[in-house]
Amino acid sequence: MAKLTPRILKQCARIIGKENVLTDDLSLLLYAYDCSLSRSRPDGIFLIRRAEVLPPLITLLNQQHIPFIPRASATNHAGGCATLNGGVILNLTHLNRILEINTEQGYAEVEPGVVTENLQKELEPLGFFYAPDPASSQICTIGGNLAQNASGARCLKYGGTLDHVLEATVVLPNGNTLRLSRQDAGPDFIGLLAGSEGTLGIITRLKVKILPRPEHIKTFLVTFPSLEASIQTVSTLVARGILPRCVEAMDKTTTRAVEDFAHAGYPTDAEALLILELDGNTEQVDKETSLLEELCAQNGALQFRCAKTEQERENLWNGRRAAYAAMARLAPNVMVGDGTVPRKELPQTLKKVREILTAQNSVASLLFHAGDGNLHPQIIFDERIKPDVIRAKQTLKQILQACVDCGGTISGEHGIGVEKRALMAYQYDKPTLDLFAHIKKATDPNSLANPLKILPIHYAEEARPTQGVPPAYQKANEKFSAGEPFRIVGKNSRLKTEAKNCLSTNLFNQILDIDTANYTVTVEAGVVVKDLLEQLAQHRLFCALTPSEGTIGGAVASGCTPWIYAHLLGVEALLPDGSYIRYGGKCVKNAAGYPLTRLFAGSQGKFGLITQLTLRVFANQLDVPTDKPFQPLQPNVWWNSLKQTLDPAGILQ
Amino acid sequence: MNYDSFCELNFKNPKQHLSVLETPLGMRSFGQSVAFCNRCGLCLQSCPFYLLSLEETFSPRGYNQAIRFLLKKVLSPIRSRKKLQELSVSCTLCGRCMQACPGQVPTPQHILELRRLLDKRFLPFTLYFLMRLHSKHPKIFYTLARLGLSLRRIGVIKLLRFSGLSCLIGMRWMNQLDRMIPRSSKNARKQWKELLQTKEEAPSLIYIPSLETELFLPEIGINMWKLACINHRPALWAHTPTGLFEYVYGNLREARKQVKKIIEQVDTLDKKEIPVLTDSIDVYNFFKQAASLFEDYPQWKERAVQFAQQVVFATDLFPEDLKAPTPFTTPVALEYGALFSRQTKPFQTIEQKLHTLFAENFVQCRDRQADLPAFGYSFYAKDKATQIRALALRPLENQHVGTVVVLSGWAMMEVSCKKKKTLPSLKVLHVAQLNG
Ligand SMILES: Cc1cc2nc3c(=O)[nH]c(=O)nc-3n(C[C@H](O)[C@H](O)[C@H](O)COP(=O)(O)OP(=O)(O)OC[C@H]3O[C@@H](n4cnc5c(N)ncnc54)[C@H](O)[C@@H]3O)c2cc1C
Ligand code: SF4
Ligand code: SF4
């Protein structure tokens, strides 16, 4: 990495204006932190007041090998804004214009520095809303949200930021501009951008989906005699096709702490407390309410309370909102954890977490989004006392490891940054981490965009032991090693190729697991969609695919069924270099590493062979759009460089 | 690292700033209070100055971290003096950040201590000189001030302005003051003068008018007096420096002296626990914090705590059957500008009263971005103050407010100053004027 010399500074000042370059001691210190414990002093701060200055500025920084770190409101908990290797901070808070709101077509076009709640406030009078709702929405930015794939209580029903971005403009680490759209044929690159934490480039413009505000919202407070009963209620509810607008949960210890502080009227004798919201039209909400009541009763709910007035609703939420404040008053610092496990594992994980907290003698509140298995321990400590910091870090590390042990992930929404990068080696094996590294290398060869984030430094030795290529796919592996170019096909129902040398996924056609408690299915890529749907139907389960003769691998990789991407939870794939990657699983959310499900979705078999997929399933029939026609790829720079890195010999045709 | 070593930063004058603060969560050492900022950023969007600048350097989080770096000696107060001064004057001490903060970190208090540490005069020299005079030799000050007002009445200040002389350095604040001070009626001036001379031998309440009321806003004084007379035999203590200026912009020793003087004066009365009334929410907040001034003076501490409890505001004197003076047809709003915090009791009481008095006609129009800048801000940061003031008053325009209720003479002057141009029909009422 090069040093930021006065000469380079002068050149930069010529592009962005002298007054926008800060190098004084105080500014360097004040842009050195975010909401995490990480802190390191940048070499300079550039205040970006117009997006147009970014391409020439980044080109210059790239030529001079100066790392750059985008920074918006710096509310991330991951240390995403720390300058690990020197470099400059690009402050993006001034790019805060809402450029267009189009209610007819349901989108808003914004600059990345728009504060999430400000967009919400603009939409409110128009009868619309923007679904992603991180608890920090009053301060965080939409660009930061996409960079972290932030989500909130509404995630279960509406999805995270990633599912709400229709178009994005990115200034790449070499200064070129790339426009991405959900309409593009090929991999879901917007998906790849979500959670990239500024390591792939700087997002300079976004077009996001906006939705009509639901007619009716009902809020409930339900208490249960056990955590298991509360989770079971949520699982059954979701499986019955009812997606609550949000399901927030607390265990007994947290409820007591919150009640002591906020006096929200929460009953403190129950083991678990849920705050649920249903939304939709009046008729639908009424129907769902009676089902919810029935399910709660079946699972032994102790109390079922429905907010009758706006004030009551506000009161119910006040308690939940106050949980963070209750902790923030007890000690100078709060470490907010963010692990996710498959929903059915929640009770067991929570038990483990409480054990860890007791063993470590840590005080923490424990909140979780019950719908998506995302838990947020809030551990209090004092940053000034070293042993206290070590204890808090150790506690969080053990909690996240417990999440991974329960089949979960170290991040559901807060990202990895620098704080959790060492733990990436606990979650992933070397080939998968290698793939993350390849993605970074392909898109940013000089490692200038927010360098050294996400990936652990010495992962080769520390990574989870690799299980190698499963025997079932050895044959395919041999085909890769042979070095002859070939095509991957399923039933050839969409691709309709006449190529001679093909690798058919027909042989991998097992349905590996139908998890009726967790509502996921894991299948091999060669399973025929129709067969899968039939099998699921026997368990009274459904998934968002139309019956077809094609394979599930084909459906995902061809790009003809893009709505299924949001239901893709895990992927396993064999890469041309013979490495076998495993990403995701039964967790509804995963913000650890680049979302590989999105890289392979729509990749048309050009990056590797998808062998297994895990999908969400439901207990009710879903409205499924008809499949889109097959569209040949339109390669963009990312496509080209990724292809070059992952398959340099061009084996996959 | 000893965080409580704040005093070490300024050996020479350890008593010039506070080392223990009265925070919403109890007494905390300065270092401890700053340490409670965990950088969550939840305060960012509530700070008017951050919203204007969108820079970390001018945000509550930035302020707290800057102080933290000073305490840790990572940042040199000498090398970064200029930038620190810029940072510390940018805060309007409005306290909005404190309300948004989950840990209720008292950032404005921290900024205040930083200003004291930097030991710089932030006000223009002439104004500073006058304020000194006010605290040291009130009599001379009042004579001079009256002379100034008489000169203004006969048009001398206008003359100065037209001749361009008022633009000279050291004279500019006069323009500002001239623009802000409303002209009171002759009748009110006369009545107020009479009141100032009344004597009450056995009072049941002491009314200490704020500087701005005493000099420029007799209407407020008269109404406060009437309010006090409902249930009390008040005594009016004119020419009593309240220390507010020293507390906010100066050396704390002087503020301490003045509070002591008031307490000593109260102690000469038969009834020592007599209520002490003030007409400015800022003076009220300052008196309420009197105890923190005497943290290192055990012999005074207890009395200061008691004194703080004695202090009352106009809202505490409202009669049960308070009736609005005239029927209001246009919307009525409350202005929330005050030093440190809007969460103080008077705001809550007045909100309730306005609800009962005006029902639907009382509109909540608080700008998301700003309140009126605090006492004196307009003098040292005029440009910023103008922007912040415009933001704060925007909702009044948007909601076609006809009357705005303010809690201090200062806020009345700030609103009046702006209203001349954009809200000519807006009526500004001090809370005491609500009582018929
Ligand atoms: C009190 C509190 C509650 C929170 N609750 C939630 C929650 O419920 N759910 C949740 O998901 N998160 C939550 N967070 C975390 C945080 O708010 C989110 O991660 C948020 O998305 C960060 O946005 P930001 O604007 O602050 O981005 P920053 O923190 O400034 O940046 C985040 C990362 O993105 C990069 N980045 C920023 N802007 C861009 C851009 N335009 N282009 C490329 N890269 C960029 C940065 O380099 C950095 O790595 C919470 C945080 C706090 C303090
Ligand atoms: S002052 Fe409070 S709200 Fe602001 S960053 Fe610090 S802790 Fe958060
Ligand atoms: S007191 Fe007001 S101006 Fe000062 S930091 Fe807080 S919100 Fe900002």
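When reading the values below, keep in mind they use all heavy atoms of this one structure, side chains included, and skip hydrogens, waters and symmetry mates. Every chain is numbered from 1 and lettered A, B, ... according to where its sequence line falls, protein lines coming before strand lines.
Side chain to side chain, Q65(B) and R39(A) fail the donor-acceptor criterion of an N or O pair below 3.5 Å.
Taking the charged nitrogens against the carboxylate oxygens, E55(B) and R49(A) do have a contact shorter than 4.0 Å, which makes a salt bridge. Ion pairing of D25(A) with R79(B) is present here, as a side-chain N (NZ or NE/NH1/NH2) and a carboxylate O approach within less than 4.0 Å.
Within the 4.5 angstrom heavy-atom criterion, no atom of N76(A) approaches chain B. Contact annotation for K121(A): only side-chain heavy atoms (C-beta onward) come within less than 4.5 Å of a heavy atom of chain B. Interface residue R28(B): only side-chain heavy atoms are found under 4.5 Å from chain A. Of the atoms belonging to L37(A), heavy atoms from both backbone and side chain fall under 4.5 Å from chain B.
Comparing L44(B), L75(B), L84(B), V105(B) by how many heavy-atom pairs each has under 4.5 Å with chain A, the most go to L75(B).
No side-chain donor-acceptor contact under 3.5 Å links R329(A) to the backbone of L25(B). The closest donor-acceptor contact from the side chain of T93(A) to the backbone of L54(B) lies under 3.5 Å.
For the pair L42(B)/Y324(A), a side-chain contact is recorded, criterion being any heavy-atom separation below 4.5 Å from C-beta on. Residues K72(B) and R384(A) fail the side-chain proximity criterion, which asks for heavy atoms closer than 4.5 Å.
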